[in-house]
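Everything quoted here is computed from the prediction, not taken from an experiment. Position 1 is the first residue of the sequence; numbering continues from there.
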Amino acid sequence: QVQLVESGGGLVQPGGSLRLSCAASGSRFSITVMGWYRQAPGNQRTLVADITSGGVTNSADSVKGRFTISRDNAENTVYLQMNSLKPEDTAVYYCNVNERLSAIHSREYWGKGTLVSVSS
């Protein structure tokens, strides 16, 4: 069973920055894709950005140029550097990790979420 520990959320003014971290532990298999999703009140959970073990990244259009995802494979930790934050970035941010069990099976894990509030 993989445990995810998220940190880095909080209250920030518009234009400010935050860095989220998510450390995965307890995996006996390879961690493949790691990423961040977010969910604002009344909205669905949507992808913010993800990154493969090889460093290939994918991000939502709304955060391109402002957010950067990275990871430390040795530590099974994924980071989300968020710059130029806007009020519409306010949401609970969830870490998502995929564990490869075999060539055709994988397991997905979710963090408990960390709140990011952007307000003046």
Side-chain angles (χ1 to χ4, degrees):
Q1 190 79 2
V2 174
Q3 292 80 45
L4 302 179
V5 178
E6 301 158 324
S7 61
L11 174 63
V12 64
Q13 292 186 340
S17 298
L18 283 175
R19 189 191 195 211
L20 305 183
S21 300
C22 174
S25 63
S27 175
R28 297 188 294 116
F29 303 92
S30 297
I31 299 292
T32 54
V33 180
M34 305 180 79
W36 291 94
Y37 287 69
R38 67 185 180 186
Q39 186 169 18
N43 291 351
Q44 291 185 331
R45 190 175 299 186
T46 58
L47 175 70
V48 177
D50 60 23
I51 182 169
T52 69
S53 57
V56 177
T57 63
N58 174 48
S59 60
D61 289 342
S62 59
V63 306
K64 280 185 167 68
R66 300 188 299 123
F67 292 10
T68 301
I69 190 168
S70 61
R71 68 187 280 175
D72 182 334
N73 288 332
E75 299 293 332
N76 279 336
T77 300
V78 62
Y79 305 96
L80 185 68
Q81 177 66 44
M82 305 185 292
N83 299 329
S84 302
L85 281 159
K86 305 175 180 179
E88 51 264 42
D89 295 318
T90 295
V92 177
Y93 284 68
Y94 296 91
C95 177
N96 176 271
V97 166
N98 288 268
E99 181 185 39
R100 178 180 290 152
L101 305 180
S102 70
I104 58 172
H105 291 103
S106 63
R107 186 180 296 160
E108 185 178 45
Y109 296 90
W110 291 93
K112 294 181 179 180
T114 184
L115 177 62
V116 172
S117 293
V118 184
S119 175
S120 55

Minimum side-chain heavy-atom gap [X]-[Y] below 4.5 Å:
{"X": "Gln81", "Y": "Ser70", "answer": "no"}
{"X": "Asn58", "Y": "Thr52", "answer": "no"}
{"X": "Leu20", "Y": "Val116", "answer": "yes"}
{"X": "Thr114", "Y": "Val92", "answer": "no"}
{"X": "Ser119", "Y": "Pro87", "answer": "no"}

**Cation-pi geometry met for Arg38 and Tyr94 (6.0 Å, 45°)** =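 No; the conditions do not both hold, so Arg38 does not lie above the ring face of Tyr94.
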**Asked** Do the numbers put Arg19 on top of the ring of Tyr79, so that NZ or CZ is under 6.0 Å from the six-membered ring centre and no more than 45° off the axis?
**Response**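 The answer is yes; both the distance and angle limits are met.
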Taking all heavy atoms of [X] and all of [Y], pick out the closest pair and write down the distance.
{"X": "Ile69", "Y": "Ala49", "answer": "CD1-O, 3.5 Å"}
{"X": "Ser53", "Y": "Asn73", "answer": "O-ND2, 2.9 Å"}
{"X": "Trp36", "Y": "Leu47", "answer": "O-CD1, 3.7 Å"}
{"X": "Ser84", "Y": "Arg66", "answer": "O-NH1, 2.9 Å"}
{"X": "Leu18", "Y": "Gly8", "answer": "CD2-O, 3.8 Å"}
{"X": "Ser17", "Y": "Asn83", "answer": "OG-OD1, 2.9 Å"}

**Request:** In sequence, state the C-alpha distance, the side-chain angles, and the governing distance for Tyr109 and Gln1, and then conclude on side-chain contact (heavy atoms from CB on, under 4.5 Å).
**Result:** CA-CA 9 Å; Tyr109 296 90; Gln1 190 79 2; 3.9 Å; yes
**Request:** Assert yes or no for the condition that the ring centre distance of Tyr37 to Trp110 is strictly below 6.0 Å.
**Result:**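 Under 6.0 Å, so yes.
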**Message:** Between Asn98 and Arg100, is the side chain to side chain donor-acceptor pair (under 3.5 Å) condition met? List the steps.
**Reply:** CA-CA 7 Å; Asn98 288 268; Arg100 178 180 290 152; over 6 Å; no
Please confirm whether the backbone N or O of [Y] pairs with a side-chain atom of [X], one donor and one acceptor, at under 3.5 Å?
{"X": "Glu108", "Y": "Ser106", "answer": "no"}
{"X": "Ser27", "Y": "Phe29", "answer": "yes"}
{"X": "Glu6", "Y": "Cys95", "answer": "yes"}

**Request:** Could you tell me whether Arg45 atom CZ has more than 12 heavy atoms of other residues or ligands within 6.0 Å of it?
**Result:**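 It does: Arg45 CZ has more than 12 such atoms within range.
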**Asked** With a 4.0 Å cut-off, would you call Lys64 and Asp61 a salt bridge?
**Response**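 Here Lys64 pairs with Asp61 in a salt bridge, since their nearest N and O are under 4.0 Å apart.
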**Prompt:** So Lys86 and Ser62, side-chain contact (heavy atoms from CB on, under 4.5 Å) or not? Walk me through it.
**Reply:** CA-CA 10 Å; Lys86 305 175 180 179; Ser62 59; over 6 Å; no
**Request:** Quick one: do Val56 and Ile51 satisfy side-chain contact (heavy atoms from CB on, under 4.5 Å)? Show the steps, please.
**Result:** CA-CA 5 Å; Val56 177; Ile51 182 169; over 6 Å; no
**Request:** Carefully, step by step, assess Val48 and Tyr93 under the rule side-chain contact (heavy atoms from CB on, under 4.5 Å).
**Result:** CA-CA 9 Å; Val48 177; Tyr93 284 68; 4.0 Å; yes
**Asked** Out of Val78, Asn96, Leu80, Asn76, which residue meets the side chain to side chain contact (heavy atoms under 4.5 Å, CB included) rule with Cys22?
**Response**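 For Cys22, the side chain to side chain contact (heavy atoms under 4.5 Å, CB included) check succeeds only for Val78.
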**Item:** Inter-residue atom distance Asp50.CG - Arg71.CZ, 0.5 Å rounding
**Value:**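 The CZ atom of Arg71 is 10.0 Å from CG of Asp50, to the nearest 0.5 Å.
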**Asked** From Glu75 CD over to Ser25 OG, what is the distance, rounded to the nearest 0.5 angstrom?
**Response**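 It is 11.0 Å, given to the nearest 0.5 Å.
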